[in-house]
Amino acid sequence: MSLQELNTENLINENELDLHPISQCIRNRKSTYAYSFIKKKIPKTTIEEIITNALWAPTHKMTQPWRFEILEGNHRQDLGTYMLNFYKQKLSKERFPESRYSETLEYPKNATLVAIVFQRNKRAQIPEWEEIAAISCAVQNMWLSCTAMEIGCYWDTGEATIQYCTENLTLKDNEKSLGIFYMGIPDIKDKDQNRKRKPLEKKLFWNIKK
């Protein structure tokens with residue numbers, strides 16, 4: 001390693017050390033797909049702590065437009081079968097070749113599946129986008145909690161996942177499925193990924209009115 005590279009690495013490490021812990025947690029958040037999960041259960045108390053953190057998301061007029069269901073038992077196997085049949089029907093063989101059948105069937109096998117349900121509060125007369133935004137904040141709380149606890153996770157909003165929940169959950173007239181939040185213990189070797197964001201100067205602007 002050259003002196004310039006060493007100085008650059010030290011500068012990056014120093015900048016990371018200067019970050020507030022919440023900034024470090026936010027910047028370490030990532031999507032960890034269920035392929036990477038090992039066969040190890042997340043304790044019930046940990047799941048409940050993560051979901052409790054979701055409940056503390058901001059919500060206009062305290063409508064709290066969310067409900068969560070942990071899908072256990074045969075759901076993992078049935079979801080894998082459902083996704084396999086769904087993609088075989090919807091996608092061409094080029095987009096979904098037989099080589100992907102087995103991994104799709106077994107995809108949820110090591111995951112904790114949290115169904116995200118949108119509860120629409122009609123009496124509050126709040127725009128739907130605000131309610132969806134509140135749920136997104138709740139899911140982000142879950143995501144950051146998982147990051148802090150070294151649990152892999154991501155929010156699957158694919159059509160197959162949404163339809164599976166629609167067909168397998170008892171949804172009221174004011175409820176709809178918003179997919180599944182996957183959680184699991186990740187394989188250590190898959191923890192590091194190259195992740196980038198556009199620089200701050202391309203996304204932050206100071207609007208000064210005189």
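Contact check for Glu106 versus Ser102: side-chain heavy atoms found under the 4.5 Å cut-off. Contact annotation: the side chain of Met142 never approaches that of Asn53 to less than 4.5 Å [non-hydrogen atoms, C-beta and beyond]. A 4.5 Å side-chain heavy-atom check between Trp155 and Ser31 finds every atom pair outside the cut-off. Side chains of Ile42 and Ile151 form a contact here, defined as non-hydrogen atoms less than 4.5 Å apart. Residues Tyr87 and Arg100 form no side-chain contact, since every pair of their non-hydrogen atoms from C-beta on lies 4.5 Å or further apart. With contacts defined as side-chain heavy-atom distances shorter than 4.5 Å, the pair His75/Tyr164 qualifies. Contact check for Trp143 versus Val139: side-chain heavy atoms found under the 4.5 Å cut-off. Taking 4.5 Å as the limit, every side-chain heavy atom of Ile116 sits out of range of all side-chain heavy atoms of Ser177.
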(request) Take Lys90 and Phe96 through the test side chain to side chain contact (heavy atoms under 4.5 Å, CB included) and record every step on the way to the result. (result) CA-CA 9 Å; Lys90 293 284 185 176; Phe96 189 63; over 6 Å; no
(message) Determine whether Tyr182 and Thr112 satisfy the following criterion, side chain to side chain contact (heavy atoms under 4.5 Å, CB included), listing intermediate values before the conclusion.
(response) CA-CA 6 Å; Tyr182 281 74; Thr112 295; over 6 Å; no
(request) Just do the side chain to side chain contact (heavy atoms under 4.5 Å, CB included) check on Gln163 and Phe86 with the steps written out, would you? (result) CA-CA 10 Å; Gln163 285 196 17; Phe86 183 91; 3.8 Å; yes
(request) For the pair Glu69 and Val114, evaluate side chain to side chain contact (heavy atoms under 4.5 Å, CB included) and give the outcome as yes or no after the intermediate values. (result) CA-CA 6 Å; Glu69 285 196 30; Val114 185; over 6 Å; no
(request) Test side-chain hydrogen bond (donor to acceptor under 3.5 Å, both in side chains) on Ser36 and Asp187 and set out the steps. (result) CA-CA 6 Å; Ser36 302; Asp187 189 340; over 6 Å; no
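Rounding to the nearest 0.5 Å gives a distance of 5.0 Å between OG1 of Thr81 and CG of Leu105. To the nearest 0.5 angstrom, Lys61 atom NZ is 9.5 Å from Asn121 atom CG. With values rounded to the nearest 0.5 angstrom, Asp173 atom CG is found 9.0 Å from Glu175 atom CD. To the nearest 0.5 angstrom, Cys153 atom SG is 11.0 Å from Tyr33 atom OH. Considering CE of Met149 and SG of Cys25, their distance stands at 9.5 Å, rounded to 0.5 Å. In this structure, the separation between CD on Glu72 and CG on Leu113 is 9.0 Å, given to the nearest 0.5 Å.
Other residues, nucleotides and ligands contribute only 12 or fewer heavy atoms inside 6.0 Å of the CD atom of Gln125. Atom CD of Glu98 has 12 or fewer neighbouring heavy atoms from other residues, nucleotides or ligands inside a 6.0 Å radius.
Clustering ILVMFWY residues whenever any of their side-chain heavy atoms sit less than 4.5 angstrom apart, transitively, puts Ile162 in a cluster other than the one holding Leu91. Both Leu55 and Val117 belong to a single network of hydrophobic side chains, linked directly or stepwise wherever heavy atoms of I, L, V, M, F, W or Y lie under 4.5 Å apart. Residue Tyr154 is not grouped with residue Leu144 when hydrophobic side chains (ILVMFWY) are merged at heavy-atom distances under 4.5 angstrom, including chains of intermediate members. With hydrophobic clusters built from ILVMFWY side chains whose heavy atoms lie under 4.5 angstrom apart, Ile135 shares a cluster with Ile70. The hydrophobic clustering, which links ILVMFWY residues whose side-chain heavy atoms are closer than 4.5 Å, places Leu171 and Leu71 together.
Annotation for Thr147 and Arg29: closest pair OG1-CA, 3.5 Å, computed over non-hydrogen atoms. Of all heavy-atom pairs spanning Lys109 and Arg76, the tightest one is O-CD, 3.4 Å. Here the shortest heavy-atom pairing between Ala54 and Asn141 reads CA-CB, 4.0 Å. Minimum interatomic distance between Pro58 and Ala134 (heavy atoms only, all atoms of both residues): O-CB, 3.5 Å. When every heavy atom of Pro186 is checked against every heavy atom of Thr32, the shortest pair comes out as CB-CG2, 4.1 Å. Considering all non-hydrogen atoms of both residues, Trp56 and Thr52 come closest at CD1-O, 3.1 Å.
For the pair Lys88 and Tyr101, the cation sits on the ring face: its NZ or CZ lies under 6.0 Å from the ring centre, inside 45° of the axis.
In the hydrophobic clustering (ILVMFWY side chains linked at under 4.5 Å, chained through shared members), Met62 stands by itself.
Of the N and O atoms on the side chains of Thr63 and Glu131, at least one donor lies less than 3.5 Å from an acceptor on the other residue. A donor atom on one side chain and an acceptor atom on the other are found under 3.5 Å apart for Thr161 and Asp156.
Taking the six-membered ring wherever Trp is involved, the centroid distance between the rings of Tyr107 and Phe37 does not fall below 6.0 Å.
In this structure a side-chain-to-backbone donor-acceptor pair under 3.5 Å is missing from Arg120 to Pro65. Between the side chain of Ser23 and the main chain of Leu19, no donor-acceptor pair closer than 3.5 Å is present.
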